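Quick caveat: nothing in here was measured; it's all calculated off a predicted structure.
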Amino acid sequence: GAKTNPFKALYKQFIESNKATKSKATINSYGDTLAKLELFEAMKGEKVWLERIDQAFYQRFLNFLIMDMQYLNNTVGKHIKTLKVFINYLSDNNLLPNPIDVRKFKVLREEPDVIHLTEEELLAIYHCKNLTQEQEWAKDNFCFSCFTGLRYSDNIKVDRSHIKDTMIEIRTTKTKKAIFIPLNPFAKEIIKKYDNPNSNRPLPPVMHNVTANALLKEIAKTAGLNEQVR
């Protein structure tokens with residue numbers, strides 16, 4: 001009979017094996033790379049066989065991502081990195097038909113332009129007055145993230161059990177690692193403001209990221225932040 005290609009079955013096994021230890025976003029990105037490999041097969045008329053994953057295949061897939069998909073370096077790099085993680089998983093579990101040297105699979109990367117607030121701008125937002133209740137909640141959640149370095153995905157799950165006197169102790173959603181963050185006076189002030197004995201959350205109510213971002217634009221205008229940024 002026809003030879004079956006175990007590539008997709010093994011890739012799906014790779015995804016399943018990581019679900020317990022990786023964040024949902026990482027698992028989604030693994031699935032996204034599989035979708036791009038399937039698109040590569042469809043558009044190039046070339047089946048992806050494990051036996052044929054070599055430097056020449058890497059170059060063809062790289063060209064596909066850059067030329068056909070028109071992706072920028074960081075997106076291309078993300079897919080190549082996932083491909084390398086998958087191959088290393090196969091290697092670690094003795095599932096490769098023949099050794100593949102992924103060290104030469106270069107992961108393209110460039111530093112994105114990081115737009116950030118100055119301390120003065122952050123404090124202008126923090127001290128902003130005459131806000132609606134929803135704006136106040138969005139402002140305080142945002143400022144708390146700035147004062148602690150917590151991602152949105154971690155901020156929304158903070159409850160009383162995470163607050164240890166002058167620290168926050170939390171296991172992050174993205175990396176699943178336990179981290180300890182000292183609370184500065186501003187962060188403590190926000191916790192004190194929302195310290196309601198009837199609520200398990202010592203911070204403002206959680207709202208959807210998109211809603212919070214829209215409110216933050218309004219707050220920034222009220223706070224006088226209007227610098228043009230490219």
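- Contact check for R109 versus N73: no side-chain heavy atoms found under the 4.5 Å cut-off.
- Side chain of S29 to backbone of T26: a donor-acceptor contact under 3.5 angstrom is found.
- A continuous path of hydrophobic side-chain contacts links I53 to V85 [ILVMFWY only; heavy atoms under 4.5 Å].
- No path of Ile, Leu, Val, Met, Phe, Trp and Tyr side chains, each step under 4.5 Å between heavy atoms, connects W137 with Y152, placing them in separate hydrophobic clusters.
- Rounded to the nearest 0.5 Å, atoms CG (L37) and CD (E41) are 7.5 Å apart.
- By the 6.0 Å contact criterion, NZ on K164 is enclosed, its count of non-hydrogen atoms from other residues, nucleotides or ligands being greater than 12.
- When side chains are defined from C-beta on, F57 counts as touching F40, because their heavy atoms get closer than 4.5 Å.
- For the pair K8 and L34, the minimum side-chain heavy-atom distance is below 4.5 Å.
- Rounded to the nearest 0.5 Å, atoms CG (L122) and NE2 (H127) are 9.0 Å apart.
- The pair E16-K19 meets the salt-bridge criterion, since a charged nitrogen lies less than 4.0 angstrom from a carboxylate oxygen.
- Residues I87 and K84 are not in side-chain contact: their nearest non-hydrogen atoms beyond the backbone lie 4.5 Å or more apart.
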Mind running side-chain contact (heavy atoms from CB on, under 4.5 Å) on E136 and K193 for me, showing each step along the way?
CA-CA 11 Å; E136 191 76 16; K193 180 174 171 181; 2.5 Å; yes
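- Side chain of T166 to backbone of L183: no donor-acceptor contact under 3.5 angstrom is found.
- The line from CZ of F61 to CE of M69 is 9.5 Å long, rounded to the nearest 0.5 Å.
- Looking at L108, L62, V102 one by one, the single match for side chain to side chain contact (heavy atoms under 4.5 Å, CB included) with I80 turns out to be L62.
- Side-chain contact between T33 and F86: absent, with no pair of heavy atoms (C-beta onward) separated by less than 4.5 Å.
- For K188, the NZ atom sits in a packed shell: over 12 heavy atoms of surrounding residues, nucleotides or ligands are nearer than 6.0 Å.
- Within 6.0 Å of CG on N196 lie more than 12 heavy atoms contributed by other residues, nucleotides or ligands.
- Here N184 contributes atom CG and E189 contributes atom CD; the two are 9.5 Å apart, rounded to the nearest 0.5 Å.
- The 12-atom threshold is exceeded at CZ of R160, counting heavy atoms of other residues, nucleotides or ligands nearer than 6.0 Å.
- Closest of all the heavy-atom pairs between N200 and P202 is O-CD, 3.6 Å.
- Taking 4.5 Å as the limit, every side-chain heavy atom of E46 sits out of range of all side-chain heavy atoms of R52.
- A continuous path of hydrophobic side-chain contacts links F147 to L117 [ILVMFWY only; heavy atoms under 4.5 Å].
- Side-chain contact between T222 and I219 is absent, with no heavy-atom pair separated by less than 4.5 Å.
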Evaluate the criterion side-chain contact (heavy atoms from CB on, under 4.5 Å) for residue pair F14 and L95; output intermediate values, then yes/no.
CA-CA 11 Å; F14 155 69; L95 294 167; over 6 Å; no
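- Taking the six-membered ring where tryptophan is involved, the planes of Y11 and F7 are tilted, since the angle between them lies from 30° to 60°.
- When the shell of 6.0 Å around NZ of K81 is examined, it contains 12 or fewer heavy atoms from other residues, nucleotides or ligands.
- For the residue pair D140/Y194, the side-chain donor-acceptor check at 3.5 Å is satisfied.
- Side chain of N155 to main chain of F144: no donor-acceptor pair is present (N/O by atom type, distance under 3.5 Å, no hydrogens or angles).
- We find the OG1-CZ distance between T172 and R151 to be 5.5 Å, quoted to the nearest 0.5 Å.
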Please determine whether side-chain contact (heavy atoms from CB on, under 4.5 Å) holds for the pair L216 and N213, giving the CA-CA distance in whole Å, both sets of side-chain angles, and the decisive distance to 0.1 Å.
CA-CA 5 Å; L216 281 167; N213 285 342; 4.1 Å; yes
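- Counting heavy atoms from C-beta outward, K44 and R60 have side chains that stay 4.5 Å or more apart.
- To the nearest 0.5 Å, atom CD1 of residue I156 and atom CG of residue N209 are 8.0 Å apart.
- Nearest heavy-atom pair, A223 versus A124, reported as atom, atom and distance to 0.1 Å: CB-O, 3.8 Å.
- Under the 4.5 Å side-chain heavy-atom criterion for grouping Ile, Leu, Val, Met, Phe, Trp and Tyr, V76 is connected to M43 within one hydrophobic cluster.
- Other residues, nucleotides and ligands contribute only 12 or fewer heavy atoms inside 6.0 Å of the NZ atom of K217.
- Under the 4.5 Å side-chain heavy-atom criterion for ILVMFWY residues, a single connected hydrophobic cluster contains both F105 and M67.
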Quick one, L10 with Y89, criterion side-chain contact (heavy atoms from CB on, under 4.5 Å). Give me CA distance, side-chain angles, the key distance, then yes/no.
CA-CA 10 Å; L10 285 172; Y89 161 82; 5.9 Å; no
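- No more than 12 heavy atoms of other residues, nucleotides or ligands lie within 6.0 Å of NZ in K12, so this atom counts as exposed by the packing criterion.
- The nearest pair of heavy atoms linking K36 to D32 is NZ-OD1, 2.9 Å.
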